[in-house]
Amino acid sequence: MDKLQEKDREESVTLSRQFAEIEGRRPRIYIPEMEDDGEHEKRKEAATTFADAGWDVDVGSPEPPEDAAQNAADNDVHFIYYYSTAKSRTSLLVKLIQYLTMLGRDDILVAAAPVTESERPVLFHYGITAAFDKNYTIDKSSLTMLRLLITRSREEDSDL
């Protein structure tokens, strides 16, 4: 791990602790596998990186988007992080977001990687929270996602 990644990891740990103080529990993430795309090792790396950064991590086995949404809801996660290089990832993400909404769990945020510039408009239209390109590290993704969670928590607290 280089110095920049180490700095990002340390900041993520600090932010995950800060989030836990605000919410009363650590941030929780679900990493689904919605197709066999040969990226299993990358998802394992993501799970380890998020855990090292202070997240509670749930990892899914191969499952369709409706089951991924149900598992995320059942595990009461804050974020879903979907990593896939398959051509069908955009349609799978859209279905995942739709199923979350049907379950009444549009409070669960969704992030994806790697996302191309051409996929972004469709994904943001359907409600994805974060779309990371291939050069964005998992440590940076964690940092961005924690900042989004903390900002949302503070906004919700100020609305009370």
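The residues of the chain are indexed from 1 along the displayed sequence.
Among residues two or more places apart in sequence or in another chain, the side-chain contact (heavy atoms from CB on, under 4.5 Å) test is passed with Asp56 by Arg26, Arg28. Applying the side-chain contact (heavy atoms from CB on, under 4.5 Å) rule to Glu10 yields the partners Glu6; only residues at least two apart in sequence or on another chain are considered.
Each of Glu39, Glu41, Glu45 was scored for a side chain to side chain contact (heavy atoms under 4.5 Å, CB included) with Arg43, with one residue passing: Glu39.
A distance of 8.5 Å separates CG in Leu123 from OG1 in Thr116, rounded to the nearest 0.5 Å. Separating the OG atom in Ser91 from the CD atom in Glu119 is a distance of 10.0 Å, to the nearest 0.5 Å. To the nearest 0.5 Å, the span separating CD on Glu66 from CE on Met34 amounts to 10.0 Å. Within the model, atoms CZ of Arg17 and CD1 of Ile22 stand 14.5 Å from one another, a figure rounded to the nearest 0.5 Å. Once rounded to the nearest 0.5 Å, the distance linking CD1 of Ile138 with CZ of Arg9 reads 9.0 Å. Separation of atoms OG1 (Thr137) and CD (Gln5) is listed at 5.5 Å; rounding is to 0.5 Å.
In plain terms, the two heavy atoms of Leu103 and Ala73 that are nearest each other are CD1-CB, 4.3 Å. In this structure, Tyr30 and Gly60 approach most closely via the heavy-atom pair OH-CA, 3.2 Å. Across every non-hydrogen atom of Ala112 and Leu93, the tightest pair is CB-CD1, 3.5 Å. Ser142 and Ser12 get closest at one heavy-atom pair: OG-OG, 3.2 Å. Nearest approach of Pro65 to Leu92, heavy atoms of both residues: CG-CD2, 3.6 Å.
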| field | CA sep, side-chain torsions, deciding dist, call: Val110, Leu100, side-chain contact (heavy atoms from CB on, under 4.5 Å) | value | CA-CA 10 Å; Val110 179; Leu100 287 169; 3.7 Å; yes

| request: Could you please spell out the steps behind the side-chain contact (heavy atoms from CB on, under 4.5 Å) verdict for Gln18 and Leu146? | output: CA-CA 9 Å; Gln18 185 179 8; Leu146 285 163; over 6 Å; no

| query | Does the side-chain contact (heavy atoms from CB on, under 4.5 Å) test come out yes or no for Asp76 and Arg25, once each step is laid out? | reply | CA-CA 11 Å; Asp76 199 24; Arg25 66 183 182 127; 3.3 Å; yes

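With respect to Arg105 and Asp74, no salt bridge is recorded, no charged nitrogen being found less than 4.0 Å from a carboxylate O. One finds no salt bridge joining Lys42 and Asp37 here, because no Lys/Arg side-chain nitrogen approaches an Asp/Glu carboxylate oxygen to under 4.0 Å.
For residues 31-79, the set of pairs meeting the ring-ring contact (aromatic ring centres under 6.0 Å, His included) definition, not counting sequence neighbours, comprises Phe19-His78, Phe50-Trp55, Phe50-Tyr81.
By the 4.5 Å heavy-atom criterion applied to side chains, Thr151 and Glu155 are counted as neighbours.
At most 12 non-hydrogen atoms from other residues, nucleotides or ligands lie less than 6.0 angstrom from OH of Tyr126. For Asp36, the CG atom sits in a loose shell: 12 or fewer heavy atoms of surrounding residues, nucleotides or ligands are nearer than 6.0 Å.
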